[in-house]
Amino acid sequence: MQSKSHGKAWLLLLALPYIAMLWVPSYNSAEPAWLGFPFFYWYQLLWVALSSIIVAVVFTMTRP
Amino acid sequence: MDMVAIGVFIFFFVLVTVLGFVAARWRRGDLANLNEWGLAGRRFGTMVSWFLIGGDLYTAYTFIAVPAAVFGAGALGFFAVPYTILIYPFAFLVMPRLWAVSRRHGYVTPADFVRGRYQSPLLALAIAVTGIIATMPYIALQLVGIQVVIAALGFPTEGWIGEMPLVISFIVLAAYTYSSGLRAPALIAVVKDTLIYVTIIAAMFIIPARLGGFAAMFARIPIDRLLLKAPSADSLNGFSAYATLALGSALALFLYPHSITAVLSSKDGNTIRRNMVLLPAYSLLLGLIALLGYMAYVAGVDKLPEYAPYFKTYKAQFAVPALFLHMFPSWFVGVAFAAIAIGALVPAAIMSIAAANLFTRNIYREFIRPDCTHAQEAKVAKTVSLVVKAGALIFIVGVPQQYAIQLQLLGGIWIIQTLPAIIFGLYTRWLDHRGLLLGWLVGIGFGTWVAYSNEFKNANYNLHVGALTIPGYAALYALILNIAVSVVASALCRTLDRSARKDSTVAGDYEDVPLAELEASA
C-alpha cells in the first residue's frame, strides 16, 4: 500500500489533457495526416483515448 | 412517405414505451419516495450508470447540433471533442465528493447541498432557480431532435396535424416518467445507446466509402474550414474561441441538474470514478458524429432539390437527417432516426425529473410546505415533472424554435455561475454565502448582457487586453468575474462579520462512504 500523500501526486496527471487541448497552436494543422485524417482531427480523437487512459491510471493508483 | 423506415421507427418507439412502463418494476423500490422515484434509490452500478449518464449527457440535440455546427462553420464546431475530453478528469475529482456528502445527508439536488453547506435558503434558491431555468429550454431542444426526424420521415409538419406525432411522443414520455421515475430513462438508455453506436459505426463504413474515402473527403473541404483561423497581430481569433468554448462547456456540463441527478443515482464513489474512465467512449462517438457534418457538406445534401424545403425550415440542423436519407437504405433510416428520437427521450426524462426534484426540494419544501411528508414530496415532484414537460411542449409548438436555441445558449452561461457555490463548496467553506450570491448575480448579469449585445446569436465576447483582442466564450469570462467578486466580497464579509460560519457538513462527509456504512443504511 502506498501512503495517501504519495498517492495524491498521481492527481497531477489529470492536468495533462487540459494542457494538451487548451494549447490549440500545437494541433491546428493539416499535416501530418494519418489514415486520411488531417492532424487537427486525428490528434484530438487520439486524446479522447489518451485522457481515458490517464484517468484510468490515476484511478488505479489513488483508489481509496 | 417511406413506409419501411416509418415501420422500423415505430417498432423501436413502441419497444421503449413498453420498457418505460416495465421499468417501474425493475430493482423494486418504494416509488412514493423521492429518493426512489427521483434517484432510483442510488443503487446503479457501473454498467447501468454508464448507459444512463452517457444517454443523459450526449443528447439528441447534441447529435443534431454538433454536426450542424461542423457543416455550417467547419473546425470551430469540432470544439465538442476537446469539450468532452475535458469533462472527465474534472468530474473524476469533484463528483465523488458531491456523491458522498449527498449520500450521507440525503441530498437529492445540488441546491440541497448548497443549503446544507452554507445554511442559506436564499443562496440555495438562487442555485435551484438557475438550474430550473437552464434546464427548461434544454428539454425544449430535445423536442427539436424529434421534430426534425419526424419531418424527415415525410410526415406533414404544418398545422395541428403536423404537431401530433410530437405531442403523442411527449405524452407517452410524460406518462412513463411519472410512473417509473429515473428507472425509465435508465432502462431506455440501453436501447438508445445501442442504436446510436450501431448507427454511427455503420455510417462510418458506408458514407466515407461512397465519398471516396476519408482522404478524398477531407481533400474537398477548403482549408479555411478545415482549420481554425490562426491569430493575427491584433487578435487571437479562432484559437481562444475554440479553447474557451471547450473549457467553459466542460466546466458547465456537470453543473446541469440532469447531470448531477444521473451521478447521484450511482451506488458509490468508485462507480462514478470508473465511469469517468469509460464515458469517453461516447466522446469518440461524438467526434465521429461531428465528422458527419463534413460528410454532409461534401455530399452537398443541401443542394439536392428534394431536401431544399427542409433546409429552409431546419437549416443546418437538417444536415445529418438528409445525409442518412441520402446514403442509407430505408430500413436503416428507420433505425437511425429511432436512435435520434429515442436519444431525445432519455435526457428529456432525466431533465424533467431533475427540474422536478429542484422545485420540490428547494422551493416547495423550503418555502411552501416545510412539514411535507416523503410521500407528498414524491407526489409533488411527479406532478411537476408533468408540468415541466407540458411547458417545454407548449414552448416548442407555440414559439419560434430560434427562441429555444437562444435560451439554451443563455442556459449555458447561467448554469456555470453555480460553480463557485457548488464545486468550491465541496472543498472549502471559506467563501461566504453573501459573497457567492453577489458573484452569481454579477456573473449572470454580465453573461446575459453579452448575449443581449450579440442579439442572442452567439455567446462570444471580445476581451480587449491592450491592443490585443481575445475572443472567447462569454460563460467562461463571466465565471472568472463571478469568482473574483465572490472571493473579494467573501473576504469583506469575513472581516466585517466575525460570527461563526454555519455548516451542517463536516470534512469527513466528503470522503467515500465505507461499504459497511452503505450496507447498514440500505
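Lettering of chains follows the sequences in order, A, B, ..., and the numbering in each one begins at 1. All values below were derived from every heavy atom in this structure, side-chain atoms included, with hydrogens, water molecules and symmetry-related copies excluded.
At a 4.5 Å heavy-atom cutoff, the contact between Ala56(A) and chain B is made by backbone and side-chain atoms alike. In this structure, chain B has a heavy atom under 4.5 Å from the backbone of Leu35(A), while its side chain stays farther away. Using a 4.5 Å cut-off between heavy atoms, Ser51(A) touches chain B through its side chain atoms alone. At a 4.5 Å heavy-atom cutoff, the contact between Leu93(B) and chain A is made by side-chain atoms alone.
Annotation: the span from Thr244(B) atom OG1 to Leu22(A) atom CG amounts to 9.5 Å, rounded to 0.5 Å. Here CD of Gln44(A) is found 11.5 Å from CZ of Phe79(B). Values are rounded to the nearest 0.5 Å. The distance from atom CE of Met276(B) to atom CG of Leu14(A), rounded to the nearest 0.5 Å, is 12.0 Å.
Counting heavy atoms from C-beta outward, Leu86(B) and Tyr18(A) have side chains that approach closer than 4.5 Å.
Ring pair Phe92(B)/Phe59(A) is perpendicular by interplanar angle, where above 60° counts as perpendicular and below 30° as parallel. Classified by interplanar angle (parallel below 30°, tilted 30° to 60°, perpendicular above 60°), the ring pair Tyr41(A)/Tyr294(B) is perpendicular.
When Pro82(B), Ser240(B), Ala290(B), Pro96(B) are compared by the number of non-hydrogen pairs under 4.5 Å with chain A, Pro82(B) comes out ahead.
Residue Pro38(A) is tested with Leu227(B), Ile223(B), Leu226(B), Ile221(B) for a side-chain contact (heavy atoms from CB on, under 4.5 Å); the sole match is Leu226(B).
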